[in-house]
Amino acid sequence: MEQRSYPKVTVVGAGNVGASTALLLMLKDLADVVMIDVAEGLAKGKALDIMHMRSNERFGPVIQGTADYADTVNSDIMVVTAGVPRKPGMTREDLLDVNAGIVSQVIDNALSYSPNAIYIFVTNPLDVMTNLAYRLSGLPKQRLMGMGGVLDTARFTYAIAEQTGANPGQIDALVIGAHGEAMLPLPRFSKVDGKPISELLDADSIDRVVENTIKGGAAVVELLQTGSAFYAPASSIVAMIESILRDDGRILSTCALLEGEYGIEGVYMCVPTLLGPEGVKEIVELDLQEEERVQLQASAASIRASVEALSV
Ligand code: APR
């Protein structure tokens, strides 16, 4: 019998984002994975398919597909990607309520089996879902977070690399705020080889880079036609999990609860954080200029309004 020597990560939702996350966790030897979905065959089939890779890829952990939450018991980390995409005839508010219903159902089912896990929410609209999950779950703020800023930062890094010709490894970029149109890429805090991009690019080029970042997700949707991005979202989830498990001291833009930081009270949104085995260890407070601060507070107000409009 195989002995368990890896942390246990449950991925809720075996769709594009969930299965890609599970695959990366396997390939990077990070965790045993339970992938759970209401579509039982989908979760079981994808898990079996990944296990068939094992002899080629020689990864250590194992993956199991299921529709039964009992299999998720004592997870160290729960990643929630369950949700539905928008369908013809549905308004954005309909989608919001449908996904809010799914998220609340997932919390009901998952919490009793893994009350001590760190929860990472991914379902969109991310900021609203993470705020809702905090309200419904009663989990401590350190152990509940959302994935959004890491993905936006990855897209910002890509756009800077395209514009400057630099290698992504030379770039240290940051996006904070809402995970959507109101996100806040921060050129002042984004550097190539330690130099702020404001010293390397003119104002028009910076505007273009910022716009490409904000529209990065929509560009993928437009090309795919049938769904939204999943490889970069999965990679961003795994970056957070890696940082949590390894306590590696990376600063990652995480959707975390603000309680006075940046002058914002009681709202989850993306800010620079240090993650570790206890979850969100620290929120890093940047010295924002007045204009950046005002934009961040406007983001917070719009997230708060959407959360208050929820019927769940
Ligand atoms: N419990 C478990 N799984 C569920 C539930 C539920 N209550 N409701 C739906 N699912 C599953 C679906 O069966 C589907 O397999 O969630 C999966 C979603 O997968 P996709 O439709 O492929 O969506 P995906 O691209 O993975 O995106 C998932 O992440 O980035 C966000 O905006 C995206 O909210 C979306 C989520």
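Read the numbers this way: they start at 1 and go in the same order the structure lists the ligands and their atoms.
- Taking every heavy atom of Gln105 and a limit of under 4.0 angstrom, the matching atoms of ligand 1 come to 7 (N).
- Hydrophobic clustering, with ILVMFWY side chains joined whenever heavy atoms are under 4.5 angstrom apart, keeps Val98 apart from Val38.
- At a heavy-atom distance under 4.0 Å, only side-chain atoms of Leu42, from C-beta outward, approach ligand 1.
- The option from Thr226, Val11, Val38 that lies nearest to atom 2 (C) of ligand 1, judged by heavy atoms, is Val38.
- Between the side chains of Asp248 and Ser243, a donor-acceptor pair is found at a separation under 3.5 Å.
- Remark: ligand 1 and Thr123 share no N or O pair separated by less than 3.5 Å (distance only, no angle test).
- Closest heavy-atom approach to atom 28 (C) of ligand 1 among the candidates Val17, Thr81, Val12: Thr81.
- Among residues at least two apart or in separate chains, ring-ring contact (aromatic ring centres under 6.0 Å, His included) pairs with a member in residues 238-293 are Tyr134-Tyr268.
- Ser75 and Thr10 form a side-chain donor-acceptor contact under 3.5 Å, judged by distance and modelled atom types alone.
- Heavy-atom contacts from other residues, nucleotides or ligands closer than 6.0 Å to CD of Glu222 number 12 or fewer.
- Clustering of Ile, Leu, Val, Met, Phe, Trp and Tyr by side-chain heavy atoms under 4.5 Å joins Ile171 with Phe156, Ile160, Val175, Met183, Val192, Ile197, Leu200, Leu201, Ile206, Val209, Val210, Ile214.
- For the pair Val84 and ligand 1, no heavy-atom separation below 4.0 Å is found.
- At under 3.5 Å, a nitrogen or oxygen of Asn16, whether backbone or side chain, sits near a nitrogen or oxygen of ligand 1.
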